[in-house]
Asks: 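First, the structure itself, so that you have it in front of you.
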Amino acid sequence: MKVYINGKLLEKNEAKISVFDHGFLYGDGVFEGIRVYNGLIFKLKEHIERLFESAHSLMLTIPLSKEKLIEATIHTLKANNLKNAYIRLCVTRGEGDLGLDPRKCKGNASIVIITDKIALYPESLYKKGMEIITVPTIRNLPEALNPQIKSMNYLNNILAKIEAINCGFDEAIMLDNLGYVAECTGDNIFIVKENHLYTPPQCMGTLRGITRDTVLEIASKNRIATHEHVLTRHELYISDECFLTGTAAEIIPVVKVDGRIIGDGKPGKITLKLTKLFKARTKTEGVKYAL
Ligand code: PXG
């Protein structure tokens with residue numbers, strides 16, 4: 001497996017970044033996770049846009065144009081002979097000294113492109129549905145580190161994940177500082193109530209997930225009423241269906257929240273319908289490349 005680092009393709013065990021890179025020292029960098037389905041890179045433009053927006057907010061200059069970054073990504077996929085893959089695009093602040101000051105990172109930011117396979121949860125969970133819990137660690141406040149910035153510092157989410165794992169669960173619901181539902185550690189959350197679809201608004205300390213937006217769009221096109229609305233835990237508990245969305249996880253049903261059974265305890269009808277429609281999208285939509 002070859003990894004792209006700053007214009008070079010290196011073997012996995014040779015693909016290394018300096019320990020003085022501020023990505024390593026401080027998590028000072030941005031990233032994207034992108035999926036490729038049968039030679040089609042799904043929502044590539046949206047992911048590249050979000051990467052540049054995250055970088056802009058952090059005053060991090062990406063040393064390649066969007067077009068060149070797309071070229072480099074396709075080049076890496078081809079070098080690894082991959083038609084189905086998960087792409088991890090990372091841009092770090094680059095090599096500096098032992099201080100926070102990003103001005104000390106005199107060279108360019110580092111660009112790393114990893115292309116590999118990923119299965120976030122075991123297949124059986126997609127059939128059965130997940131059981132998840134709310135954890136004490138709240139999502140970063142937008143006024144502190146805005147969750148819209150997909151930075152390389154994921155400790156907020158990792159702490160929440162650890163809390164869920166400590167309680168015997170695979171995934172955590174993170175609330176905001178007011179106690180409203182924000183999102184999960186690497187996924188957005190949806191509920192269905194009386195055939196309407198609800199998800200927290202993106203301003204509520206959540207990442208504006210690209211899968212989230214795709215699901216909202218698919219639902220609207222298929223005459224399912226959608227609402228971006230604040231949600232309480234109570235609303236999750238009394239929902240008819242619940243599911244999570246993310247590039248890595250895709251759409252995964254949730255059947256129990258904080259010990260409360262959701263609906264009839266099985267993946268819901270609308271969840272399954274949206275999953276089918278989403279899968280169909282991934283088969284036809286995306287930036288095409290040939291091996
Ligand atoms: N919320 C957060 C906090 C995320 O990190 C999503 C929502 C879903 O966004 P997209 O655009 O992918 O629909 C993410 C993205 C992991 C992992 O290993 C998860 C993400 C990224 C990298 C790794 O769980 N999720």
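Whatever order the structure lists ligands and atoms in, that order sets their numbers, starting from 1. Numbers here are sequence positions counted from 1. None of the values given here were measured: they were computed from a predicted structure.
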Asks: In terms of side-chain geometry, is the basic nitrogen of Glu95 or Lys106 positioned less than 4.0 Å from the acidic oxygen of its partner?
Replies: no

Asks: I'd like a table of the close N/O pairs between ligand 1 and the protein (anything under 3.5 Å), one pair per line with both atom names and the distance.
Replies:
{"unit_1": "ligand 1", "atom_1": "1 (N)", "unit_2": "Glu183", "atom_2": "OE1", "d": "2.6"}
{"unit_1": "ligand 1", "atom_1": "5 (O)", "unit_2": "Lys150", "atom_2": "NZ", "d": "3.3"}
{"unit_1": "ligand 1", "atom_1": "5 (O)", "unit_2": "Tyr154", "atom_2": "OH", "d": "2.4"}
{"unit_1": "ligand 1", "atom_1": "11 (O)", "unit_2": "Arg50", "atom_2": "NH1", "d": "2.9"}
{"unit_1": "ligand 1", "atom_1": "11 (O)", "unit_2": "Arg50", "atom_2": "NH2", "d": "2.9"}
{"unit_1": "ligand 1", "atom_1": "11 (O)", "unit_2": "Ile210", "atom_2": "N", "d": "2.7"}
{"unit_1": "ligand 1", "atom_1": "12 (O)", "unit_2": "Thr247", "atom_2": "N", "d": "2.9"}
{"unit_1": "ligand 1", "atom_1": "12 (O)", "unit_2": "Thr247", "atom_2": "OG1", "d": "2.6"}
{"unit_1": "ligand 1", "atom_1": "13 (O)", "unit_2": "Ile210", "atom_2": "N", "d": "3.3"}
{"unit_1": "ligand 1", "atom_1": "13 (O)", "unit_2": "Thr211", "atom_2": "N", "d": "2.9"}
{"unit_1": "ligand 1", "atom_1": "13 (O)", "unit_2": "Thr211", "atom_2": "OG1", "d": "2.6"}
{"unit_1": "ligand 1", "atom_1": "25 (N)", "unit_2": "Gly186", "atom_2": "O", "d": "3.0"}

Asks: Taking NZ, NE, NH1 and NH2 as the nitrogens, is one of them in Asp213 or Arg208 under 4.0 Å from a carboxylate oxygen of the other?
Replies: yes

Asks: Using a cut-off of 6.0 Å, state whether more than 12 heavy atoms not belonging to Arg88 lie near its atom CZ.
Replies: yes

Asks: Are the charged groups of Glu53 and Arg50 less than 4.0 angstrom apart, N to O?
Replies: no

Asks: Quickly, which of Glu183, Glu228, Glu217, Gln202 forms a side-chain hydrogen bond (donor to acceptor under 3.5 Å, both in side chains) with Arg212? Name it, please.
Replies: Glu228

Asks: Does atom NE2 (His56) have a neighbourhood of more than 12 heavy atoms from anything else shown, all under 6.0 Å?
Replies: no

